[in-house]
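Report on the structure given below.
Excluded from the calculations below are hydrogen atoms, water molecules and symmetry mates; all remaining heavy atoms, backbone and side chain alike, are included. Just so you know, ligand 1 is whichever comes first in the structure, and atom 1 is the first atom listed for that ligand.
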Amino acid sequence: MHLVWLRNDIRLDDNPALYQAAKSCNKAVTQQKMCAVYIATPKQWQIHDEAPAKLGLRSQALNDVRKNLGALGIPLYILETPKYAGIPALLQKFCDEHEVTDCWWNEEIPIDEKERDKAVAAHLQHHAVTTHECKSNRIVNHTLLNQQESPYKVFTPWYKSWVKHLALNIDLPHAKPDAVGKALKVDSSPIVLPGSDDFRSDLWPAAEKDALQRLETFVFEREQSYMQHRDIPSLNGTSTISPYLASGMISSRRCLAMIMQACGEQGRDWQGDDWLRELAWREFYYYLMQCFPKLCRNRAFKPETENLQWEKSAKALAAWQQGNTGFPIVDAGMRQLNQTGWMHNRLRMVTASFLTKLLLIDWREGERYFMQHLIDGDFASNNGGWQWSASTGCDASPWFRIFNPYSQSQKFDPEGKFIKKFVPELKDLNAKDIHNPPSKVRQHLKYPEPVVDYKFARERVLARFKELK
Ligand SMILES: Cc1cc2nc3c(=O)[nH]c(=O)nc-3n(C[C@H](O)[C@H](O)[C@H](O)COP(=O)(O)OP(=O)(O)OC[C@H]3O[C@@H](n4cnc5c(N)ncnc54)[C@H](O)[C@@H]3O)c2cc1C
């Protein structure tokens with residue numbers, strides 16, 4: 001019996017471990033059987049701040065995958081143990097009971113997952129189960145180094161080298177695996193993972209085919225207007241596939257393959273594709289996590305910023321979390337997160353800059369809150385995004401880049417369309433007042449005064465960063 005252990009790769013399409021395991025089963029002289037497991041680890045998820053909405057999406061994705069695997073003759077079992085530490089013994093027991101000879105999985109980069117897999121491999125091998133780790137959910141798995149043979153620390157030079165490497169080493173996605181047996185009658189009782197909650201299934205339908213369909217529609221029909229619309233939160237200008245990538249319902253290699261196909265059909269050069277560059281940010285943050293494992297341990301990328309003196313204000317933090325800062329664009333972003341489990345990228349930058357620069361609250365507080373609420377929470381991208389915003393990370397720009405929430409609002413939501421959707425108490429304001437309503441209007445509408453004075457806050461953070469020098 002061959003076993004596939006599904007983790008952050010809940011899909012049939014381009015799933016290297018699943019594909020290789022099925023191929024091995026079908027190649028054997030007497031066809032071998034195959035099964036799959038998914039292991040819920042509720043305590044570990046709590047420690048990792050996994051959001052209930054993300055676990056809700058994942059539960060439904062597992063229902064879909066169970067059905068699709070069943071059609072190929074592969075049963076899916078759901079196991080549970082509180083933490084990663086319990087997995088080696090749990091898997092070994094499962095392997096004994098099911099006479100498993102081979103266990104397959106896809107690589108994961110963060111340190112806890114790496115240590116978990118090392119322990120599982122050692123334990124299973126000791127009990128005569130052969131383990132196979134396949135290459136992961138990234139487009140390029142090779143660790144690129146600069147001319148000094150060191151890891152890159154800045155995105156643009158890394159990206160140039162990444163595209164160059166990619167052009168010479170294209171790793172095409174795997175197809176769906178072949179059936180290994182007759183279709184099975186699949187249990188129809190719903191899988192509900194511990195800690196999961198309702199999520200906006202109207203915004204993110206949870207079947208793999210829906211995820212692939214969204215990707216295809218975006219790449220072939222909407223991508224051409226991406227650069228024009230991507231920064232306007234009131235428009236549906238981005239792909240919104242991040243929840244699917246974060247739970248591994250689609251692979252980034254499949255995204256690349258579609259980009260290449262669309263570019264081929266439209267006579268464009270895929271190497272210059274703008275959306276590919278965005279996907280590459282996700283890869284870059286995983287690359288950094290791999291090269292600098294301290295990032296998995298809550299450490300700042302730039303060591304000198306560990307000495308920055310942060311403010312501690314439970315009141316200001318709560319105002320930010322609840323979307324009651326009195327800065328309409330910040331509040332709209334935070335309320336979008338609280339209501340939908342997702343936030344537009346421009347607003348992630350605005351709200352993160354607001355927390356870390358203007359409220360001067362430690363980026364780790366924001367990172368945790370985002371992770372606890374995002375349906376697309378992704379350790380590497382979230383950590384990278386927060387450290388970039390706080391100027392503790394890999395950003396090439398200097399620390400005095402401070403987003404002005406008023407001008408960001410005027411530039412990217414000029415008529416306040418987005419603000420009005422998520423801060424409805426301001427819905428009748430004109431385009432002049434909406435970005436910073438006059439005090440009298442605030443009082444009348446019961447909308448809070450700004451939680452901090454912008455000019456004062458800007459000077460304060462500049463002084464704090466200067467102290468580090
Ligand atoms: C403070 C902060 C926190 C963030 N936290 C997360 C997170 O937890 N999970 C997450 O997937 N993204 C995160 N991002 C990155 C980005 O905001 C989202 O990936 C993007 O908004 C998702 O929407 P989309 O799928 O429509 O993106 P598109 O613009 O269509 O981009 C396509 C894909 O490329 C990747 N991508 C795009 N921009 C980035 C970026 N700046 N960094 C990393 N990957 C990127 C994502 O996988 C995204 O789905 C964060 C950014 C910031 C500033």
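Judged by the 6.0 Å and 45° rule, R442 forms no cation-pi pair with Y447. Relative to the six-membered ring of W270, R268 misses at least one condition, a distance below 6.0 Å or an angle of at most 45° to the axis.
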Would Y152 and Y159 count as a ring pair (Phe, Tyr, Trp, His ring centres under 6.0 Å) here? Give the steps. CA-CA 9 Å; Y152 289 93; Y159 179 66; over 10 Å; no
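Counting only heavy atoms from C-beta outward, the side chains of V37 and L76 never approach each other to under 4.5 Å.
A side-chain donor-acceptor contact under 3.5 Å links R11 to the backbone of D13.
The residues lining ligand 1, counting any heavy atom closer than 4.0 Å, are Y226, T238, S239, T240, I241, S242, L245, W275, E278, L279, W281, R282, Y285, W342, M343, N345, R348, M349, A352, F370, L374, D376, G377, D378, S381, N382, G385, W386.
In this structure, W162 has its ring center at least 6.0 angstrom away from the ring center of Y287.
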